[in-house]
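Since the model is a prediction, treat every value here as computed from it, not as a measurement. Counting begins at 1 with the first residue of the sequence.
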Amino acid sequence: MASFDKDIENRKRSTECETDRLPTLKQIQQEYTDKTNIDKKLKITPLNINYKMRKPYILYNNFRYKEELSRRVAIKREYGFYNYCFISVCLSFILGLVIGVAIVGSPQTRLIAPNISPKKIVKINTTREGYSRSLNSLKYSDSLNIEENFILPEKEKNMDRFATVSFTGSVDPHKHKIDVYPKGLTEDMKDILKDNKVFQHKLSITNVVDTNVHVPNADTVLYNNIYWGPEVENSMPQGYGENSAEIWESYVDQSEVTKMEPGCGRMQNRLITFKDGIQACVRYRQNTDQIQGEIFSFYVARLLNLTNLAPSVIKVVDLKDKLWQSVANDIASAQWNTNRAVVLTQYIPSLESATIPEIFKPSTRHLNKNDVFKMSQKENYTVEINKQILLDKLRMKNVKAKQEIMNDFDFIDAKLNKKTRDLFVELAQWSDLIIFDYLTANLDRIVNNLFNYQWNVNIMDGPAHNLARKIDSGLLLFLDNESGLLHGYRLLKKYNVYHSLMLDNLCVFRKRTVDSLKSLHENSIGAKLSDIFHRKNNAIIRDILPPLPEKNAKVLHDRIGKVLSQIDKCAQTFSNR
C-alpha cells in the first residue's frame with residue numbers, strides 16, 4: 001500500500017512539472033504498462049485512472065489554442081478599423097476639394113479677378129480728399145462701368161476697422177460699410193446725404209475797424225483771443241444745415257414706408273425704409289415730453305446754426321396716411337398706438353464711435369488760447385504771432401517771465417499739418433457740443449460720463465455716450481437729444497454742476513455760434529421756437545404734441561445769458577489790454 005501511495009505522489013509531481021510539454025507515444029505506452037501491472041496487483045479498475053491522467057493535457061492544450069485564436073481575431077479587427085479610418089479621410093479630402101472648387105468658381109469670388117469680373121466698383125461724388133465716394137462709399141453694380149485699372153484708395157481699405165455706431169446699434173459691424181444711393185433718388189436728397197466738404201461757408205471777417213488789430217487770413221488758427229480762425233473754420237465739414245432740413249421735410253411728406261424693423265435704440269423705436277431705399281429712425285414714446293425734447297432740441301440747433309444734428313421731422317401715426325399704409329401690420333406688432341406723434345430722423349450711415357479729447361479729460365479739462373498755441377507748436381511747425389512777442393521772448397531768460405509773455409498775444413497764424421488741423425476741427429465741434437448740451441441740459445451724453453466717473457475712472461477713456469463721428473468727413477453727430485429742454489430741466493438741481501463743469505473750462509468758441517447766441521438773447525427765444533413749431537407742423541400735429549412750455553423757454557433764455565457771460569469772462573481773462 002505504501003508503494004501505491006508513493007506512486008500516486010510521483011504521478012502528481014509529474015503532472016505539475018511536465019504540463020509545459022506533450023508526452024511522447026513511448027512514454028504513454030510505458031505508463032500504460034506500469035499502470036496495468038500495478039492494477040493487477042491492487043485490483044483497481046483502470047478506466048477512471050486513465051481519464052484522470054489524460055485530462056490535464058487535454059484541458060491545457062485546449063486553453064492555449066483559444067488564447068491564440070482570440071489574439072488573431074483582435075488583430076484582424078484592429079486592421080479593419082485602420083482601413084475604415086483611411087477610407088473616411090480619403091472621402092473627406094475629396095469632398096473638401098469639390099467644395100473648394102465650387103467656391104472659387106462662384107461669381108462672387110470671380111469678382112476679384114480683374115479680367116473676368118462680372119461686377120464693377122462704382123464710386124460717386126468728389127470730396128476734398130481727392131477721391132470719390134457716395135452715400136455709403138462703394139456700390140457693386142452689374143450695369144455701370146469704370147476703368148479697368150481702378151485702385152481702391154487706402155482709406156476705403158481701412159473701413160473694416162470701424163464698427164457702426166448709430167441709433168440701430170451694432171447688429172452687423174459691416175452693414176453700413178458699403179453705402180449706396182438708392183435708385184430713383186432725387187438730386188436734392190443726394191445733396192443732403194453726401195455731406196461733402198464745400199467751400200461756400202468760408203469764414204469772412206468784416207467787422208475789423210481798428211487798423212492795429214490783426215486781420216485774420218487763411219492761415220489764422222485763432223484770433224481775438226477766443227475765436228477759431230479761418231484755418232479751422234474753412235476745414236469744418238458741411239454737416240446738415242437749414243436747407244437739408246427743408247429737403248428732408250419735403251421728402252418725408254411725399255414718401256411711403258415699405259419696411260419697419262427693430263432698431264434705432266431702446267424700446268419701441270423702429271428703423272424704417274422708404275420706397276426708394278432711404279432709411280430713417282423713428283422715435284416712439286408713451287410720454288410726449290421726450291418727443292418734445294427731441295424735436296425742440298433740433299430746432300434750437302437750427303437757431304444756433306449747428307449742423308451736427310441729423311434732419312428730423314414730426315409725423316402722426318395714422319394708418320390712413322399714405323406714409324404708413326404699407327406697414328400697418330408692423331405697426332401693430334410694434335404695439336404703437338395710432339394718433340401718436342413720432343419723430344422721423346434721417347438715418348446717417350458710415351459712423352464710428354467718438355471719444356472725449358484729452359484736453360477735456362479730468363487731468364486737463366480746459367481749452368484756451370494757450371492750449372491752442374502749445375498744440376500748434378507741438379508738430380514742429382513755425383507759429384507766427386506778434387513780432388514784438390517773438391523779440392521779447394528772445395530777450396527774456398527768466399522762466400517765469402516767459403510764462404507771462406506766453407499770454408501776451410491775441411492771434412495765432414500757423415502752417416498746420418493735417419493731423420493738427422483735424423484735431424482743431426474736432427475741438428471746434430466740441431466747443432459747439434458743450435454749449436448745446438449746456439443750453440438743453442442734455443443728460444445722456446457727456447454728463448452721463450462725468451456723473452459715472454466717480455465710480456468708474458476709466459469711463460472717460462471710452463466712447464462718448466450718444467456721440468458719433470462720420471467716417472468720410474469727420475462730422476460729429478449729436479445723437480439722441482430727447483432728454484433736452486424738458487426732462488433735463490426738471491433735474492437741473494442734481495446735474496447742473498456737471499453741465500457747468502464743462503462750460504466753465506471752455507474759452508475758445510466759433511464766431512458764428514457766438515453771434516447766434518447774442519441774437520437769440522436779444523430776442524425772445526421762446527417766440528422763435530414757437531414760430532418754427534407752428535410753421536413746420538400742421539394743426540393735427542399741434543393738437544397732439546404741445547409746444548415748448550413758456551417756463552422752459554425762460555430757462556433756456558437764462559442759460560443763453562450764462563453762456564454769453566462765460567464768453568465775456570474768457571475775453572477779459574485772455575485780453576492783452
Pairwise side-chain contact, E482 with H487, heavy-atom cut-off 4.5 Å (strictly under): no
Non-hydrogen side-chain atoms of M260 and L271 separated by less than 4.5 Å: no
Contact check, side chains of L433 and L467, non-hydrogen atoms, under 4.5 Å: yes
side-chain hydrogen bond (donor to acceptor under 3.5 Å, both in side chains) partners of residues 317-336, not counting sequence neighbours, each pair once: E256-S326
Donor-acceptor contact present, side-chain K369 to main-chain F574, <3.5 Å: yes
For Y489, all residues meeting ring-ring contact (aromatic ring centres under 6.0 Å, His included), sequence neighbours excluded: none
S235 vs F424 side-chain heavy atoms within contact, under 4.5 Å: no
Let me have the donor-acceptor pairs involving side chains of residues 300-313, under 3.5 Å, with sequence neighbours excluded, atom names and distances please.
| unit_1 | atom_1 | unit_2 | atom_2 | d |
| --- | --- | --- | --- | --- |
| R302 | NE | E242 | OE1 | 3.4 |
| R302 | NH1 | Y240 | O | 3.4 |
| R302 | NH2 | Y240 | O | 3.1 |
| R302 | NH2 | L306 | O | 2.9 |
| N305 | ND2 | S516 | OG | 3.0 |
| T307 | OG1 | Q238 | O | 3.4 |
| N308 | ND2 | Q429 | OE1 | 3.0 |
| N308 | ND2 | L476 | O | 2.9 |
| S312 | OG | A310 | O | 3.2 |
| S312 | OG | T345 | OG1 | 3.0 |

Main-chain N/O of N452 paired to N456 side chain as donor or acceptor, under 3.5 Å: no
Identified side chain to side chain donor-acceptor pair (under 3.5 Å) counterpart of R445 within the set T440, D480, N481: N481
Under 3.5 Å donor-acceptor, S483 side chain and L443 backbone: yes
Given V342, L545, L486, I544, the one that forms side-chain contact (heavy atoms from CB on, under 4.5 Å) with I291: L545
Ring geometry between Y495 and Y498 (parallel below 30°, tilted from 30 to 60°, perpendicular above 60°): tilted
Flag side-chain contact, heavy atom, 4.5 Å: D437 against V447: no
Pairing residues for Y453 by the ring-ring contact (aromatic ring centres under 6.0 Å, His included) criterion, not counting sequence neighbours: none
Residues D461 and K361 bridged, charged N to O under 4.0 Å: yes
Pairwise side-chain contact, V425 with W430, heavy-atom cut-off 4.5 Å (strictly under): no
salt_bridge(E231, R421) N-O dist < 4.0 Å: yes
Backbone of Q286 reached by a side-chain donor or acceptor of R340 within 3.5 Å: yes
Pairing residues for D531 by the side chain to side chain contact (heavy atoms under 4.5 Å, CB included) criterion, not counting sequence neighbours: R535
Salt bridge flag under 4.0 Å for residues D253 and K315: yes
Ring-face cation contact, Y227 with K511, 6.0 Å cut, 45° max: yes
Would you tabulate the side-chain donor-acceptor contacts of residues 556-565 under 3.5 Å, counting partners in other chains and residues two or more places apart, or write 'none'?
| unit_1 | atom_1 | unit_2 | atom_2 | d |
| --- | --- | --- | --- | --- |
| H557 | NE2 | H521 | O | 3.1 |
| R559 | NE | Y438 | O | 2.6 |
| R559 | NH1 | N496 | OD1 | 3.0 |
| R559 | NH2 | Y438 | O | 2.9 |
| R559 | NH2 | N496 | OD1 | 3.2 |
| S565 | OG | G561 | O | 3.0 |

Electrostatic pair R469-E426, nearest N-O below 4.0 angstrom: yes
Full working for ring pair (Phe, Tyr, Trp, His ring centres under 6.0 Å) between W228 and F509: CA-CA 6 Å; W228 292 107; F509 311 92; 9.7 Å; no
T258 and V327, any side-chain heavy atoms less than 4.5 Å apart: no
